[in-house]
Structure formats: structure tokens, C-alpha cells
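Below: one structure, written as C-alpha cells.
For the numbers below, each heavy atom of this structure counts, side chains included, while hydrogens, waters and symmetry mates do not. One is the number of the first residue; the rest follow in order along the sequence.
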Amino acid sequence: MPAKVGAVKVVNLSSSSIFNIGDVYSMSPNSTAKTFAGGGSFNTGNGIRVNLGSAKTYIYDSDKVDMSYN
């Protein structure tokens, strides 16, 4: 069935966004992220105390490619 589209305003498109006007069968955005953080990271709230002494984060990433674009 044909689509009737009125006014369109695009504010922002990021790296994994999809912008489509009209009929579509399937849409599949792809995005990956890799985050490394030490102990006590990503804490939220009021009055948090973290005592880690001397903490270290060791990262070993054996693969060279995390996402391939076919």
C-alpha cells in the first residue's frame, strides 16, 4: 500500500540511525560499542563511597575487528 507522507523534520541522525520515507519491509540498524572501566565505575546515586585501594583494569582483546560491514 503506498504511503502518503506529509512534512518531515529531521533533527539528528546518528551512526546507527535509519531514516526512511515510504513503505519498507524490514529495517535493521547495526551498532556496537566496547567499554572498559575499572572497579567502582558506573556508580550512580547520592553519597556513594568506593574504596578500592590500588585497583587496575587489564584488557586483552584477541580479535582485531569487532564489527564487519558486509
request  = Using side-chain contact (heavy atoms from CB on, under 4.5 Å) as the criterion, list what pairs up with Tyr58, not counting sequence neighbours.
outcome  = Lys56

Between side-chain atoms of residues 43-50 and protein atoms elsewhere (two or more places apart, or another chain), which donor-acceptor pairs fall under 3.5 Å?
| residue | atom | partner | partner atom | Å |
| --- | --- | --- | --- | --- |
| Asn43 | ND2 | Gly40 | O | 2.6 |

ask   = With clusters built from Ile, Leu, Val, Met, Phe, Trp and Tyr whose side-chain heavy atoms come within less than 4.5 Å, directly or transitively, what are the remaining members of the cluster of Val11, listed by chain and number?
value = none

